[in-house]
Amino acid sequence: MEHLRLGLNIDHVATVRNARGGTHPDPVAAAKLAAKAGVDGITAHLREDRRHIRDADIYRLKHEVGLPLNFEMAATDEMAEIAIDVLPNACCLVPESREELTTEGGLVVHGSQNRLVPFISRLQDVGIRVSLFVDPDPIQIEAAKAVGADIIELHAGPYVEAQGAARAAELTRIQHGAELAARLGLECHVGHGLNYETVEDVAAIPHIVEANIGHFIVGESIMVGLEQAVRQMRTLMDAGRERATCTS
Ligand code: PXP
């Protein structure tokens with residue numbers, strides 16, 4: 001079985017840089033280090049308020065790093081124009097509100113067909129694959145298929161935040177969501193809040209092909225360095241994947 005791809009979300013290197021307004025630490029330099037440590041792709045979220053990633057970062061991540069770029073963004077005209085200019089490998093559409101600390105819930109796809117269908121085809125027309133960040137809810141996953149998405153990224157936040165039986169129930173929702181995506185022919189990713197403790201169990205779900213992880217790896221890199229944090233995450237992902245191979 002293919003290894004679970006690790007997409008490193010680089011946003012919070014930019015958060016630290018922006019705390020002092022200068023150029024250090026550079027998210028592009030961090031992405032290059034992460035590439036050496038074995039990440040499979042880079043994710044960056046250009047928010048409307050530019051609180052971490054800036055426009056110039058997105059262009060540099062695309063042109064200087066040499067890894068597939070997953071451009072996370074709200075479904076706005078401003079972002080579509082930037083994406084069409086940058087031409088990332090994929091765009092991951094997320095809901096966005098100014099007040100939130102981070103992306104809080106999945107995109108409401110069901111009922112948004114009139115807005116999303118033309119938006120998605122505009123990106124696909126220039127060769128960008130489109131991913132929708134959704135809760136592991138069959139209604140949203142089926143709607144993602146209906147609006148023409150290539151990929152869904154399942155929201156792992158509730159799974160990570162729950163404990164005990166509630167966490168097991170959230171994991172089952174992710175597993176069923178991934179199975180439904182596979183039946184519908186959607187590529188399935190997962191992300192948000194994943195850490196060393198929670199990554200193995202999602203890596204054991206065979207239909208998930210990519211995990212996008214940011215805050216934990218960037219935080220851990222303060223302790224052990226970015227390369228070591230990436231390598232440890234990779235080791236745990238591979239251990240989880242091994243279980244998938246054994247049981248499938
Ligand atoms: N995937 C999506 C769609 C996200 O919005 C985020 C957070 O920006 C991530 C993955 C990465 O989450 P975290 O930084 O908690 O690992």
Side-chain angles (χ1 to χ4, degrees), residues 4-16 18 27 30-31 34 39-54 57-58 61 68-75 79 83 88-109 129-137 140-141 144 149-162 170 174 177-178 181 186-200 202-203 208-222 226 229-230 232-234 236-237:
L4 178 61
R5 291 204 306 261
L6 172 57
L8 176 67
N9 182 315
I10 208 77
D11 294 351
H12 296 302
V13 175
T15 303
V16 175
N18 294 1
V39 304
D40 301 284
I42 298 295
T43 293
H45 184 178
L46 185 66
R47 296 186 70 104
E48 187 193 6
D49 62 9
R50 309 300 198 266
R51 71 172 71 151
H52 37 57
I53 294 295
R54 298 174 180 148
D57 297 327
I58 287 285
L61 288 167
L69 174 63
N70 179 33
F71 180 3
E72 215 185 286
M73 62 187 227
M79 289 300 153
N89 184 67
C91 281
C92 179
L93 306 184
V94 297
E96 193 175 299
S97 75
R98 272 169 200 248
E99 298 78 20
E100 67 188 2
L101 282 177
T102 181
T103 311
E104 282 170 356
L107 196 66
V108 177
V109 184
R129 303 180 74 221
V130 178
S131 172
L132 302 181
F133 180 60
V134 293
D135 293 323
D137 169 355
Q140 301 304 335
I141 296 168
D150 302 286
I151 306 163
I152 54 162
E153 179 169 321
L154 294 175
H155 189 350
Y159 153 68
V160 171
E161 280 155 29
E170 291 295 340
I174 292 178
L186 289 164
E187 185 171 310
C188 187
H189 300 178
V190 67
H192 205 89
L194 291 168
N195 52 30
Y196 291 159
E197 188 193 334
T198 51
V199 80
E200 265 192 78
V202 293
I208 298 179
V209 304
E210 180 173 308
N212 286 305
I213 308 178
H215 185 268
F216 181 84
I217 292 179
V218 172
E220 188 65 10
S221 72
I222 294 169
L226 184 58
V230 166
Q232 177 62 11
M233 190 61 81
R234 178 79 266 154
L236 294 168
M237 288 165 72

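Note that ligands are numbered from 1 as they come in the structure, with each ligand's atoms numbered from 1 the same way.
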[X] neighbourhood, listing ligand 1 atoms whose heavy-atom distance to it stays under 4.0 Å:
{"X": "I213", "value": "16 (O)"}
{"X": "E72", "value": "1 (N), 2 (C), 3 (C), 4 (C), 5 (O), 6 (C), 8 (O)"}
{"X": "N212", "value": "10 (C), 11 (C)"}
{"X": "V94", "value": "3 (C)"}

Are any of the N or O atoms of [X] closer than 3.5 Å to those of ligand 1?
{"X": "H12", "value": "no"}
{"X": "G214", "value": "yes"}
{"X": "E153", "value": "yes"}
{"X": "G193", "value": "yes"}
{"X": "H215", "value": "yes"}

For D57, the side-chain hydrogen bond (donor to acceptor under 3.5 Å, both in side chains) test, sequence neighbours excluded, returns R17
Listed by chain and number, what are the side-chain hydrogen bond (donor to acceptor under 3.5 Å, both in side chains) partners of N70, not counting sequence neighbours?
T43
Is any side-chain heavy atom of M233 less than 4.5 Å from a side-chain heavy atom of F216?
yes
Point-to-point distance, once rounded to the nearest 0.5 Å, from CG of L186 to CD1 of I141:
8.5 Å
Between the CG atom in N195 and the NE2 atom in H215, the distance rounded to the nearest 0.5 Å is 11.0 Å
Would you please say whether a donor-acceptor pair under 3.5 Å links the side chains of E153 and H189?
no
